[in-house]
J.: 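First the structure, then my questions, so here it is.
The shown structure was predicted, so the numbers you read here are calculated from the model rather than taken from an experiment.
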Amino acid sequence: MDVAEFYAVVSGINFTLLGLWWVAVQERPQLRDTKTGTDRLAYAVSLQFLLPGTAALFALVAVDAPFLWQAAFLLAGVAGSAGILLLAPALRRAGVRVVRLLLYLVGLPLYLLVALTAILPFELGNLSGLHLEAMLFGLLILVGTQTAWTAAMFVPEEPPAPSGDVPAAAEHVPPRRPTGTHASTAAPATTEPRAVRNLSAADAEPGP
């Protein structure tokens, strides 16, 4: 396959995957939560498709102009590496360990190799610098799809639902004592002894 045709395919695949990823982010609200940091996770995954796709477009139009595709690949490699490093705290806060390891252990070295090959283009047998970059871009597509799949299947932990048991403090509620003016003016009910009441009645009768 011609190099220009390969980069056309690479560019089309990356932008197609980017569109599908945006649809996934819109369909899954947990992938754009600003509190857990998954919104930056979604942006980091988007870069895995946006940067290689854009660089492949520049290579497509500048196959015969080494300076242009070298500059495009250098910018893509530096931007990809910086994006992974700058988004590292958000990835750690989001708790997606697999995605973070993929980007650190595979994505970051690949972007550094893209930038290094752009700065120091060399030939390996019959392979030119563009051929070597094409192989690196193929690996970047693999890393991008794996990170997108892992992030899409990731569901942040939800807080545990409150149990139906009644707390111990709420099992016994002491009765409320009356407050206000009614409580202060209310007089306690008293009962007089029966003998006292009979004596009072006898004193009240008129004499002979």
J.: How long is the span from the CG atom in Leu20 to the OG1 atom in Thr145, to the nearest 0.5 Å?
T.: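 It is 12.0 Å, given to the nearest 0.5 Å.
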J.: Where do Asn14 and Pro52 come nearest, in terms of heavy atoms and distance?
T.: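 So the two residues come closest at OD1-CB, 3.8 Å.
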J.: Give a yes or no on whether the backbone of Val114 and the side-chain of Thr117 come within a donor-acceptor separation of less than 3.5 Å.
T.: no
J.: Mind checking the OG1-CG spacing from Thr147 to Leu47? Nearest 0.5 Å is all I need.
T.: 10.5 Å
J.: Please tabulate, for side-chain N and O atoms in residues 73-87, each donor-acceptor pair with protein atoms closer than 3.5 Å (sequence neighbours left out).
T.:
from: Ser81; atom 1: OG; to: Gly77; atom 2: O; distance (Å): 2.9

J.: Determine, using the 4.5 Å side-chain heavy-atom cutoff (strictly less than), whether Val9 and Leu57 are members of one ILVMFWY cluster.
T.: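 Yes, because Val9 and Leu57 connect within a single hydrophobic cluster, where side-chain heavy atoms sit under 4.5 Å apart.
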J.: Mind checking whether Leu136 and Tyr104 sit in one hydrophobic cluster, side chains of I, L, V, M, F, W, Y counted as touching below 4.5 Å?
T.: yes
J.: Only counting residues at least two apart or in another chain, list the ones meeting side-chain contact (heavy atoms from CB on, under 4.5 Å) with Leu18.
T.: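 If we apply the side-chain contact (heavy atoms from CB on, under 4.5 Å) test to Leu18, skipping adjacent residues, the hits are Phe15, Trp22, Ser46, Phe49, Leu50.
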J.: Any side-chain heavy atom of Leu68 within less than 4.5 Å of one from Phe58?
T.: no
J.: What's the spacing between Tyr7 OH and Glu133 CD if we round to 0.5 Å?
T.: 5.5 Å
J.: Indicate if Leu142 and Leu103 have the same hydrophobic cluster label, given that clusters are the connected sets of ILVMFWY residues with side-chain heavy-atom separations under 4.5 angstrom.
T.: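 Result: no, two separate clusters.
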J.: By the definition side-chain contact (heavy atoms from CB on, under 4.5 Å), identify the one residue from Leu17, Val10, Thr16 that meets it with Ile13.
T.: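 Running side-chain contact (heavy atoms from CB on, under 4.5 Å) over Leu17, Val10, Thr16 with Ile13 returns exactly one hit, Leu17.
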J.: So, using side-chain contact (heavy atoms from CB on, under 4.5 Å) as the criterion, who are the partners of Leu101 when residues are at least two apart?
T.: Arg97, Leu105
J.: Supply the atom-to-atom distance Gln26 CD to Trp21 CH2, rounded to the nearest 0.5 angstrom.
T.: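 Atom-to-atom, Gln26:CD and Trp21:CH2 are 11.5 Å apart.
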J.: Just jot down the side-chain hydrogen bond (donor to acceptor under 3.5 Å, both in side chains) partners of Gln48, sequence neighbours excluded, or say none.
T.: Tyr111
